[in-house]
Amino acid sequence: MELRVSKHNAVTIAEVDGRIDGMTAKEFEEKMAEAIPEGGGPMVCDLSHVSYVSSAGLRAILVIAKRFSKDGNFFSVCGHSGPVAEVLRISGFEKIIPMHESRADAVEKAEG
């Protein structure tokens, strides 16, 4: 699992590559926590290159999302497709975390 962080205006974008499972969930959570902008601000987690998310990965995503919402910041997920989208949908994540099909949509919503 790799995590690349970039900025688009005031939006922090965390692009994840690989699997978020029992072996990598803790690392994902730590790297995402490090990517949180000092002073807050919106963040988009791009899952376009994630091939698998386990229950441990779901928990890690939820922990980060809760940390953001607790501080009143916008957090969303984008780029989920195939099996990853199915896991998120079955788990009810679209009711908890804003989900967007594309990064552009997610960034636009975060900026708005």
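Note that these values count all heavy atoms, side chains included, but never hydrogens, waters or copies made by symmetry.
Within a 6.0 Å radius of CZ in Arg59, other residues, nucleotides and ligands contribute 12 heavy atoms or fewer. The number of heavy atoms from other shown groups lying within 6.0 Å of NZ (Lys7) is above 12. Within a 6.0 Å sphere centred on CD of Glu101, heavy atoms belonging to other residues, nucleotides or ligands number 12 at most. More than 12 heavy atoms of other shown residues, nucleotides or ligands fall within 6.0 angstrom of atom CD in Glu94.
Looking at His49 and Glu2, their side chains never bring a donor and an acceptor atom within 3.5 Å of each other.
Leu88 and Val44 fall into different hydrophobic clusters, where Ile, Leu, Val, Met, Phe, Trp and Tyr are joined by side-chain heavy atoms under 4.5 Å apart, directly or via other members. If you chain together hydrophobic residues whose side chains sit under 4.5 Å apart, Ile13 and Ile20 never meet in one group. Note on Leu62: it clusters hydrophobically with Met1, by side-chain heavy-atom contacts below 4.5 Å among ILVMFWY residues. Grouping the Ile, Leu, Val, Met, Phe, Trp and Tyr side chains by contacts below 4.5 angstrom, directly or via other members, places Leu58 with Val16. There is a path of hydrophobic side-chain contacts, each under 4.5 Å, that joins Met32 to Val84.
The two residues His100 and Pro98 have their closest heavy-atom pair at NE2-CB, 4.0 Å. Residue Ala35 comes nearest to Thr12 through the heavy atom pair O-CG2, 3.8 Å, listed as atom of the first residue, atom of the second, then distance. Between Ile36 and Met43, the shortest heavy-atom contact is N-CE, 4.0 Å. The heavy-atom pair separating Ser54 from Asp21 by the smallest distance is OG-CA, 3.1 Å. Ala14 and Leu3 get closest at one heavy-atom pair: CB-CD1, 3.9 Å. Here the closest heavy-atom approach between residue Ala25 and residue Ala60 is recorded as O-CB, 3.7 Å.
One finds the CD atom of Glu15 at 8.5 Å from the SG atom of Cys78 (value rounded to the nearest 0.5 Å). Rounding to the nearest 0.5 Å places CD1 of Ile61 at 11.0 Å from CD1 of Ile96.
Phe74 has its side chain within reach of Lys109: a pair of non-hydrogen atoms, C-beta onward, lies under 4.5 Å apart. At least one side-chain heavy atom of Glu111 sits less than 4.5 Å from a side-chain heavy atom of His8. Cys45 has its side chain within reach of Phe28: a pair of non-hydrogen atoms, C-beta onward, lies under 4.5 Å apart.
A donor-acceptor contact shorter than 3.5 Å is absent between the side chain of Ser76 and the backbone of Ala106. No side-chain donor-acceptor contact under 3.5 Å links Ser91 to the backbone of Phe93. Here the side chain of Ser102 pairs a donor or acceptor atom with the backbone of Asp105 at under 3.5 angstrom. Of the possible donor and acceptor atoms, none in the side chain of Asn9 sits under 3.5 Å from a partner among the backbone N and O of Val11.
Within the structure, salt bridge (charged side-chain N to carboxylate O under 4.0 Å, His left out) contacts touching residues 37-50 (residues at least two apart or in different chains) are Asp46-Arg103.
In summary, Glu34 and Lys31 do not engage in a salt bridge, as defined by a charged side-chain N under 4.0 Å from a carboxylate O.
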